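One structure below.
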Amino acid sequence: MQSKYLLIVLLLACLTSCQDDVLNTVARDAFAEDLVYSDPEQLERLVFTAYNSTESWGVNKSEWWGRRFNLEAGSFEAKFNFRDLDLFRYRAGWNPNNVGILNGKWETYWDYVRMINEFLDRVDDSEAMAIAPDRVNVLKAEMKFLRANLYAKLIKFYGGVPIMERALGLNDDFNLARNSYEECVDFIVRELDEAAAVLPESRPDAEFGRATSVAALAVKSRTLLYAASPLHDPANEPSGWMIDYTKPTKWQDAADAAKAVIDLMGDRELIATPDARAYQNHFLRPNADIIFARPYGPEFFDFGTDPNSLWDKTQSPNGYDGWALSSPTHNYAQEYRMADGRTTGEGGYDPSHPHENREMRYYANLLFNGAEFRGRNVEYFLSESPETYPHGLDSPEGLGNTAHSSKTGYNIRKFQDESVEVNGGISGGRPFILYRLAEIYLNYAEAQYHLGNEDEARRYLNRVAARALVPEITASGPALLEAIKRERRVELAFEMHNFFDERRWMEADRLGFDIQGLRWTKKADGTLSHEVYTVVTRPFHPREYFLPIPREEIEKAPSMVQNPGY
């Protein structure tokens, strides 16, 4: 996205976040709107505002904490670290009045749907369309892409939702009913196909972050993969028209959607990363493997003008003056393979030296006791003899705000740029990745596995694993499916996938579980030891495969059926 518009986008997003809830009608200045719709340049700025509907480093911009971490802290990958606060409300339990840090998702997404619908209602008959039809039709396709992407997110959280293709007016019926999940998927696919037919296949560097036809097809790929998954199989519980997907061609449709992206991207190897540092740096700059991302840089931070909403501050250990908000779980760290390709349960793993001889991504994605980071080794240990051996700099008795010391013995390294300062350091053009080629390969591998084409599934699974220097995966049968899941957990780490992946796979033991951590001690003789301990227990209730529709929406629109269990 062109940098000269980014601050305008940001300011308009702040205005959007202050709108009333989705079912209210907002009075507007007709002259100002007419001016916007008469000028293609002004219209483009309005489209840029809608790009704020895509996700970013913060899970919830309306809350201070929520601007600084994302869904990783509520997934199998990690927990929210500061004082063990239950910000995702797992221990208290979700209800229609309160889903913790996820409060407001419904309202925020619908605010953007309404804004996009208003645009689509007016653009065809606008003076701007008459002046520059080719340009404005691309803007229209961008808006359809963004609306489809919003619906793809809504149905991941809520199941089927009302399909609204135009903005509601004062004389419309506000007692909205939900469409079925299957109808929503069909709507998303249709919208994306229409957008892809108009959008350019690629963009110049100056337009990094704007939609392309490939991005539209990537959203389609993810949507159809999710729809084909066990969570939406009518044979599984919970079940119902607002959740189920019944198409017998579902896995073939998912495979075809992924393959369409693969073919457009050249059906090639992923960009090589010969070591952990190269792999880490791969996520810090735009590159040809990224399909769609939000760009950040010196002119545009994640929230307002606050550079400390980026991960260098929010995820670094306390000893580096970081806030360490999302602590990876030891359970999740065990998903990473050994350097020889074996899993931690297949031999070669030494529990007394948990960080030795692990695969490359372990060192690129995670910080752990002894990891070299920003010029020194990370130190989580407490000392038995602090007068002889001081407590670790990143421990509860270390530097910085020690309330932020890691409760699990891990922090996130991925997405951190060690070439900039922790406090306010800004990388030029650092992307928040939303869709990339490795995901598409894994989408395709999973779909091909379910179609019974294991050779094809292994081929694309190994494209991802090989880039990370993992030896060839030769598994078959159920073990191959487990290898695909493991590869998604590791390759797509901290990119907002795992929260939904474990749900769509219905992996209940990775949704509710004892969160484990490593507690490190420096003994009186100077040697280090550790113990595995339970940090906190995270419960899971089957209703929590989906968020509840907010109670106020049900009260306002009684036709809006609530999700099962709420």
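Because the structure is a prediction, the values reported are computed rather than measured. The basis for the numbers below is simple: all heavy atoms, side chains too, and nothing from hydrogens, waters or symmetry mates.
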Would you say [X] and [Y] make side-chain contact, with heavy atoms under 4.5 Å?
{"X": "Leu35", "Y": "Asp39", "answer": "no"}
{"X": "Tyr158", "Y": "Lys105", "answer": "yes"}
{"X": "Arg89", "Y": "Asn95", "answer": "yes"}
{"X": "Thr249", "Y": "Asp256", "answer": "no"}
{"X": "Glu55", "Y": "Lys153", "answer": "yes"}
{"X": "Glu72", "Y": "Val59", "answer": "no"}
{"X": "Arg45", "Y": "Val36", "answer": "no"}
{"X": "Ile155", "Y": "Val161", "answer": "yes"}

Practice problem: Apply the test side-chain hydrogen bond (donor to acceptor under 3.5 Å, both in side chains) to residues Arg147 and Asn117: give CA-CA distance (whole Å), side-chain angles for both, the deciding distance (0.1 Å), then the verdict. | Solution: CA-CA 8 Å; Arg147 183 172 67 179; Asn117 281 346; 2.5 Å; yes

Quiz item: Do Arg361 and Glu487 pass the salt bridge (charged side-chain N to carboxylate O under 4.0 Å, His left out) test, and can you show the C-alpha distance, the side-chain angles, and the key distance before you say yes or no?
Solution: CA-CA 11 Å; Arg361 290 171 296 192; Glu487 196 61 24; 2.4 Å; yes

Atom [atom1] of [X] and atom [atom2] of [Y]: how far apart are they, to the nearest 0.5 Å?
{"X": "Leu176", "Y": "Met560", "atom1": "CG", "atom2": "CE", "answer": "5.5 Å"}
{"X": "Phe119", "Y": "Lys140", "atom1": "CZ", "atom2": "NZ", "answer": "9.0 Å"}
{"X": "Lys414", "Y": "Phe283", "atom1": "NZ", "atom2": "CZ", "answer": "4.0 Å"}
{"X": "Thr329", "Y": "Arg538", "atom1": "OG1", "atom2": "CZ", "answer": "8.0 Å"}
{"X": "Arg114", "Y": "Met164", "atom1": "CZ", "atom2": "CE", "answer": "8.5 Å"}
{"X": "Glu77", "Y": "Leu71", "atom1": "CD", "atom2": "CG", "answer": "9.5 Å"}

Quiz item: Pick from Trp110, Tyr226, Phe500, Trp106: which one makes a ring-ring contact (aromatic ring centres under 6.0 Å, His included) with Phe157?
Solution: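 That would be Phe500.
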
Exercise. With ring pair (Phe, Tyr, Trp, His ring centres under 6.0 Å) as the test, would you mind laying out the steps for Tyr112 and Tyr51 before giving the verdict?
Key: CA-CA 9 Å; Tyr112 282 112; Tyr51 273 92; over 10 Å; no

is_close_aromatic([X], [Y]), centroid dist under 6.0 Å:
{"X": "Tyr181", "Y": "Phe546", "result": "no"}
{"X": "Phe494", "Y": "Phe415", "result": "no"}
{"X": "Phe76", "Y": "Phe513", "result": "yes"}

Quiz item: Would Arg222 and Lys156 count as a side-chain contact (heavy atoms from CB on, under 4.5 Å) if you check the C-alpha gap in whole Å, the side-chain angles of each, and the deciding distance to 0.1 Å?
Solution: CA-CA 11 Å; Arg222 187 185 297 177; Lys156 285 192 297 184; 3.9 Å; yes

Practice problem: Under the side-chain contact (heavy atoms from CB on, under 4.5 Å) rule, what do Met265 and Val214 come out as? Steps first, then yes or no, please. | Solution: CA-CA 8 Å; Met265 296 287 284; Val214 183; 3.8 Å; yes

Does the pair [X]/[Y] count as a salt bridge with the N-to-O cut at 4.0 Å?
{"X": "Lys247", "Y": "Glu182", "answer": "no"}
{"X": "Asp125", "Y": "Arg122", "answer": "no"}
{"X": "Arg436", "Y": "Glu439", "answer": "no"}
{"X": "Glu456", "Y": "Lys259", "answer": "no"}
{"X": "Arg203", "Y": "Glu142", "answer": "yes"}
{"X": "Asp193", "Y": "Lys220", "answer": "yes"}

Give the minimum heavy-atom separation between [X] and [Y], together with the two atoms involved.
{"X": "Arg178", "Y": "Gly160", "answer": "NE-O, 2.6 Å"}
{"X": "Asp244", "Y": "Ser239", "answer": "OD2-OG, 2.9 Å"}
{"X": "Tyr37", "Y": "Val123", "answer": "CE2-N, 4.3 Å"}
{"X": "Ala152", "Y": "Thr223", "answer": "CB-OG1, 3.6 Å"}
{"X": "Met143", "Y": "Ala50", "answer": "SD-CB, 3.5 Å"}
{"X": "Ile549", "Y": "Val561", "answer": "CG1-O, 4.1 Å"}

Exercise. Classify the side-chain pair Thr54/Arg294 by whether it contains a donor and acceptor separated by less than 3.5 Å.
Key: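 Yes - a donor-acceptor pair under 3.5 Å links their side chains.
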
Quiz item: Strictly by modelled atom types, are Asn443 and Arg488 linked by a side-chain donor-acceptor pair under 3.5 Å?
Solution: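 There is such a pair (donor and acceptor under 3.5 Å, judged by atom type) between the side chains of Asn443 and Arg488.
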
Ignoring hydrogens and angles, tell me if any N or O in the side chain of [X] forms a donor-acceptor pair with the backbone of [Y] under 3.5 Å.
{"X": "Tyr151", "Y": "Cys184", "value": "no"}
{"X": "Asn287", "Y": "Ile271", "value": "no"}
{"X": "Asn70", "Y": "Ser56", "value": "yes"}
{"X": "Trp94", "Y": "Phe88", "value": "yes"}
{"X": "Tyr332", "Y": "Ser75", "value": "no"}
{"X": "Glu454", "Y": "Gly477", "value": "yes"}
{"X": "Asn563", "Y": "Leu547", "value": "yes"}
{"X": "Asn179", "Y": "Ile163", "value": "yes"}

Practice problem: Begin from the C-alpha positions of Trp251 and Leu225 and carry the test side-chain contact (heavy atoms from CB on, under 4.5 Å) through to its verdict. | Solution: CA-CA 7 Å; Trp251 286 114; Leu225 179 77; 3.8 Å; yes

Quiz item: Pick from Asn149, Val261, Ile440, Ile290: which one makes a side-chain contact (heavy atoms from CB on, under 4.5 Å) with Tyr435?
Solution: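 Passing option: Asn149.
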
Quiz item: Can you check salt bridge (charged side-chain N to carboxylate O under 4.0 Å, His left out) on Glu482 and Arg486, steps first, answer last?
Solution: CA-CA 6 Å; Glu482 289 307 308; Arg486 181 183 295 270; over 6 Å; no

Quiz item: When you look at Asp267 and Arg463, which way does the salt bridge (charged side-chain N to carboxylate O under 4.0 Å, His left out) test go after all the steps?
Solution: CA-CA 10 Å; Asp267 200 358; Arg463 276 197 179 172; 2.8 Å; yes

Exercise. On the 0 to 90° scale, with breaks at 30° and 60°, tag the Phe80-Phe69 ring pair as parallel, tilted or perpendicular.
Key: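 Because their plane-to-plane angle lies in the 30° to 60° range, the rings of Phe80 and Phe69 count as tilted.
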
Exercise. Flag yes if more than 12 heavy atoms outside Arg190 fall under 6.0 Å of its CZ atom; otherwise flag no.
Key: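 Check passes, neighbour count above 12.
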
Exercise. Check the pair Lys250 / Asp233 against side-chain contact (heavy atoms from CB on, under 4.5 Å), numbers first and verdict last.
Key: CA-CA 10 Å; Lys250 61 184 182 180; Asp233 189 327; 4.0 Å; yes

